[in-house]
Amino acid sequence: MANDQQSYLFSSAYLKDFSAKVFMHFGVPAGDAKQAADVLAKSDLRGIDSHGVARLHTYFDMLELGRINPKPKIKVVREKFSVVTVDGDNGLGLVVGPRANEIAGGAQLPLGSEAEMGGHKGYALAAMVDILTAVLSGANWGPFAPPFALRQEIPTRSVGKGIGHFFGAMQIDGFIEKDEFKKQIDEWRRVLRNTKPAAGTSGPLIPGDPEREAEAIRSKVGIPLLKPVVDDLLDISKKTGIPFEVS
């Protein structure tokens, strides 16, 4: 009997390339396909296994059934003061999400260079990846998923209509001067980093620590995928003709 807990190692670049080719197989433009594949790859690289390539077969199923529009015309349909409503045209959430975030002004969030933010880039990136991969277009039947293959049943009813996601961006200097904000955040980090660990612990965690640790390890040794996930990727390979090798 096969051991479903058996795992195989793959490089992030290999999984990203395979995912991008799968999306392009269904007519997703190269730029969008790479964007979608990058979100999945970053999730796996940073240890968020439930939102990485484990979801690829669900996207494959939805695209094959025509439930996801591979070439959406993303547009602003309503705008008032600081609020904008974006119509994703039932496109891939992995593409619509980042685009909506850009419109929300996500680039102006404290996601600047690591030097500028006192080393907080990893924390912000982890939050962004989690937010973006939660956007599953029509395939979003819940925000949580187990860390194995997500072969969810596709409902017969129309999906993807009326499903909304909120992307918010706050301008820091509307609340506090940027330099003071950075100073306070740096002080907060110093206090936590210098806090004596409680007995039996390695000390307090700063948001993004587990993800940074996972990325450091997986960048070197590879991304572990459980057998059910690998089986799903092999199934996609068989149906599309896109090579996927397991060593």
Side-chain angles (χ1 to χ4, degrees), residues 9-46 48-77 84 86-107 111 121 125-126 128-140 149-151 154 159-160 163 165 167 215 218-219 222-223 225 229-230 232-246:
L9 291 174
F10 298 87
S11 72
S12 177
Y14 185 77
L15 294 178
K16 180 178 177 179
D17 180 66
F18 178 73
S19 297
K21 288 177 179 176
V22 171
F23 289 128
M24 286 188 285
H25 174 81
F26 288 99
V28 176
D32 287 353
K34 290 178 181 178
Q35 163 75 77
D38 187 55
V39 175
L40 295 180
K42 277 189 169 64
S43 295
D44 281 322
L45 194 61
R46 296 176 68 81
I48 310 172
D49 297 328
S50 61
H51 288 71
V53 292
R55 288 192 179 270
L56 187 59
H57 208 295
T58 294
Y59 287 116
F60 171 87
D61 292 337
M62 297 291 285
L63 285 162
E64 190 172 48
L65 291 170
R67 302 290 179 83
I68 291 179
N69 181 0
K71 297 179 180 179
K73 290 180 171 50
I74 303 171
K75 60 184 179 181
V76 173
V77 296
V84 175
V86 178
D87 180 0
D89 196 21
N90 206 38
L92 275 168
L94 300 171
V95 173
V96 178
R99 195 74 54 82
N101 190 69
E102 290 175 7
I103 294 172
L111 299 176
K121 187 177 181 182
L125 176 60
M128 288 298 298
V129 169
D130 192 46
I131 289 172
L132 297 182
T133 54
V135 181
L136 295 177
S137 187
N140 189 10
L150 302 177
R151 297 292 295 278
I154 307 298
V159 295
I163 298 176
H165 298 274
F167 294 83
E215 183 171 9
R218 293 182 174 197
S219 294
I223 294 169
L225 297 182
V229 177
V230 173
D232 266 3
L233 300 182
L234 288 172
D235 183 62
I236 292 174
S237 174
K238 180 180 179 181
K239 291 177 178 176
T240 61
I242 300 170
F244 185 81
E245 299 181 359
V246 181

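For the atom pair L15 CG and L40 CG, the distance stands at 9.5 Å (nearest 0.5 Å). If you take CG on N90 and CD1 on I68, they are separated by 7.0 Å, rounding to the nearest 0.5 Å. For the atom pair CG (N69) and NZ (K71), the distance works out to 9.5 Å, reported to the nearest 0.5 Å. Taken from CD1 in I242 to NE2 in H25, the straight-line distance is 6.0 Å, to the nearest 0.5 Å. Between D17 atom CG and K21 atom NZ the span is 4.0 Å, to the nearest 0.5 Å. Rounding to the nearest 0.5 Å gives a distance of 8.0 Å between NZ of K42 and OG of S12.
Under a 3.5 Å cut-off, the side chain of R218 and the backbone N or O of R46 do not form any donor-acceptor pair.
Classified by interplanar angle (parallel below 30°, tilted 30° to 60°, perpendicular above 60°), the ring pair F26/F60 is perpendicular. Using the six-membered ring where Trp is involved, F23 and Y59 have ring planes that are perpendicular, over 60° apart on the 30 and 60° scheme.
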_Go through it in stages, so that I can follow the logic: the residues are R99 and V86, the test is side chain to side chain contact (heavy atoms under 4.5 Å, CB included), and I'd like the CA-CA distance, side-chain angles, deciding distance and then a yes or no._
CA-CA 9 Å; R99 195 74 54 82; V86 178; over 6 Å; no
*What's the verdict on side chain to side chain contact (heavy atoms under 4.5 Å, CB included) for I236 and F244, showing C-alpha distance, side-chain angles and the deciding distance?*
CA-CA 9 Å; I236 292 174; F244 185 81; over 6 Å; no
*asked:* Please evaluate residues D232 and L56 with respect to the criterion side chain to side chain contact (heavy atoms under 4.5 Å, CB included), reporting the C-alpha separation (whole Å), side-chain torsions for both, the decisive distance (0.1 Å), and the verdict.
replied: CA-CA 8 Å; D232 266 3; L56 187 59; over 6 Å; no
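The existence of a salt bridge linking K239 and D61 is excluded, since no basic side-chain nitrogen approaches an acidic carboxylate oxygen closer than 4.0 Å. Contact check on D38 versus K34 returns no salt bridge, with no Lys/Arg side-chain nitrogen under 4.0 Å from an Asp/Glu carboxylate oxygen.
Among all heavy-atom pairs drawn from D89 and K73, the shortest one is OD2-N, 3.0 Å. Between A54 and D49 the shortest heavy-atom distance is CB-O, 3.7 Å. Considering every non-hydrogen atom in both P29 and P70, the closest pair reads CD-O, 3.4 Å. Listed here is the closest heavy atom pair of I223 and L45: CD1-N, 3.9 Å. Closest heavy-atom contact between S19 and A37: CB-CB, 3.8 Å. Contact between V53 and D44 at its shortest, heavy atoms only, is N-OD2, 2.8 Å.
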